Enquirer: 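Quick one: the structure is below, questions incoming.
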Amino acid sequence: MSDCIFCKIARGEIPAKVVRKSPDAVAFHDLTPQAPVHVLVIPTKHFAAVRDAAGVADSEAALGKLLVFAAEVATELGLDQGGYRIVTNTGPDAGQSVHHLHLHLLGGRRLGWPPG
Ligand code: 5GP
Ligand code: ZN
């Protein structure tokens with residue numbers, strides 16, 4: 001989508017601190033980190049949220065790849081031993097503010113549960 005901020009980051013039109021990039025996904029540091037490590041992992045293909053992947057051709061494979069890609073980034077950032085959380089906010093109750101599907105990869109400190 002032309003006016004989507006994360007599509008622009010995926011295309012390299014807006015600067016971001018990119019950790020890892022593949023043809024299908026980009027991982028970059030969140031602008032407002034909520035933990036010592038806070039990386040966003042996005043598919044290059046635009047989905048507004050995870051619910052929008054339902055019924056889309058090949059979305060199961062795309063989202064499976066995205067999760068594995070996020071785990072590889074976590075390993076690369078040294079999070080395996082301490083552990084980490086991967087979460088995706090969907091819709092207003094979850095506080096989704098950017099409407100391009102993204103996984104938050106959070107780590108580097110003890111994370112509270114349940115989340116707020
Ligand atoms: P959401 O609230 O939709 O789950 O998460 C959106 C996230 O995107 C927030 O954590 C916010 O800090 C981050 N964010 C919003 N705009 C930008 C941006 O232009 N660059 C980066 N790196 N992160 C952004
Ligand atoms: Zn987008």
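In this text, all values refer to a predicted model and were calculated from it rather than measured experimentally. Residue indices begin at 1 and follow the sequence shown. Just follow the structure's listing: the first ligand is 1, and inside any ligand the first atom is 1.
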Enquirer: Once you round to the nearest 0.5 Å, how far does CG of L40 lie from CG of L105?
Expert: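 So the gap between those two atoms works out to 9.0 Å.
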
Enquirer: Pick out the protein N or O atoms lying less than 3.5 Å from any N or O of ligand 1, and list each pair with its distance.
Expert:
| residue | atom | partner | partner atom | Å |
| --- | --- | --- | --- | --- |
| ligand 1 | 2 (O) | G95 | O | 3.2 |
| ligand 1 | 2 (O) | S97 | N | 3.4 |
| ligand 1 | 2 (O) | S97 | OG | 2.9 |
| ligand 1 | 3 (O) | S97 | N | 2.7 |
| ligand 1 | 3 (O) | S97 | OG | 3.3 |
| ligand 1 | 3 (O) | V98 | N | 3.0 |
| ligand 1 | 3 (O) | H102 | NE2 | 3.0 |
| ligand 1 | 4 (O) | N89 | ND2 | 2.8 |
| ligand 1 | 4 (O) | H102 | NE2 | 3.0 |
| ligand 1 | 4 (O) | H104 | NE2 | 2.8 |
| ligand 1 | 5 (O) | H102 | NE2 | 3.0 |
| ligand 1 | 5 (O) | H104 | NE2 | 3.3 |
| ligand 1 | 10 (O) | D30 | OD1 | 3.2 |
| ligand 1 | 10 (O) | D30 | OD2 | 2.5 |
| ligand 1 | 12 (O) | D30 | OD1 | 2.5 |
| ligand 1 | 22 (N) | H29 | O | 2.9 |
| ligand 1 | 22 (N) | L31 | N | 3.4 |
| ligand 1 | 23 (N) | L31 | N | 3.3 |

Enquirer: Under 6.0 Å between ring centres: does that hold for H29 and H38?
Expert: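 No, the ring of H29 stays outside the 6.0 Å limit from the ring of H38, centre to centre.
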
Enquirer: Pairs under 3.5 angstrom only: tabulate donor-acceptor contacts from the side chains of residues 60-78 to other protein residues two or more places apart or in another chain.
Expert:
| residue | atom | partner | partner atom | Å |
| --- | --- | --- | --- | --- |
| E72 | OE1 | R20 | NH2 | 3.1 |
| T75 | OG1 | A71 | O | 3.1 |
| T75 | OG1 | D80 | OD1 | 3.3 |
| T75 | OG1 | D80 | OD2 | 2.9 |
| E76 | OE1 | R20 | NH1 | 3.0 |

Enquirer: Using the benzene-type ring in the case of Trp, are the ring centres of H100 and H102 under 6.0 Å apart?
Expert: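 Judged by ring-centre distance (under 6.0 Å), H100 and H102 do not meet the cut-off.
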
Enquirer: Taking the six-membered ring for Trp and the full ring for Phe, Tyr or His, determine whether the centres of F28 and F6 are under 6.0 Å apart.
Expert: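 Centroid distance F28-F6: below 6.0 Å, so yes.
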
Enquirer: Which protein N, O or S atoms does the Zn ion (ligand 2) have within a distance shorter than 2.8 Å?
Expert: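 Per the 2.8 Å query on the Zn ion (ligand 2), atoms found are C4 SG, C7 SG, H46 ND1, H100 ND1.
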
Enquirer: For Q81 and L79, indicate whether the former's side chain and the latter's backbone hold a donor-acceptor pair under 3.5 Å.
Expert: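 Such a contact is absent between Q81 side chain and L79 backbone.
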
Enquirer: Any donor-acceptor pair under 3.5 Å linking the side chain of K21 with the backbone of A10?
Expert: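 A pair under 3.5 Å: yes.
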
Enquirer: Measure from the side-chain N and O atoms of S59 to the backbone N and O of A54, and report whether any donor-acceptor pair falls under 3.5 Å.
Expert: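 No, the answer is negative, given that no donor and acceptor are paired below the 3.5 Å cut-off.
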
Enquirer: With E13, which residues qualify under side chain to side chain contact (heavy atoms under 4.5 Å, CB included), at least two apart?
Expert: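 For E13, the residues satisfying side chain to side chain contact (heavy atoms under 4.5 Å, CB included) (neighbours in sequence not counted) are K8, R11.
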
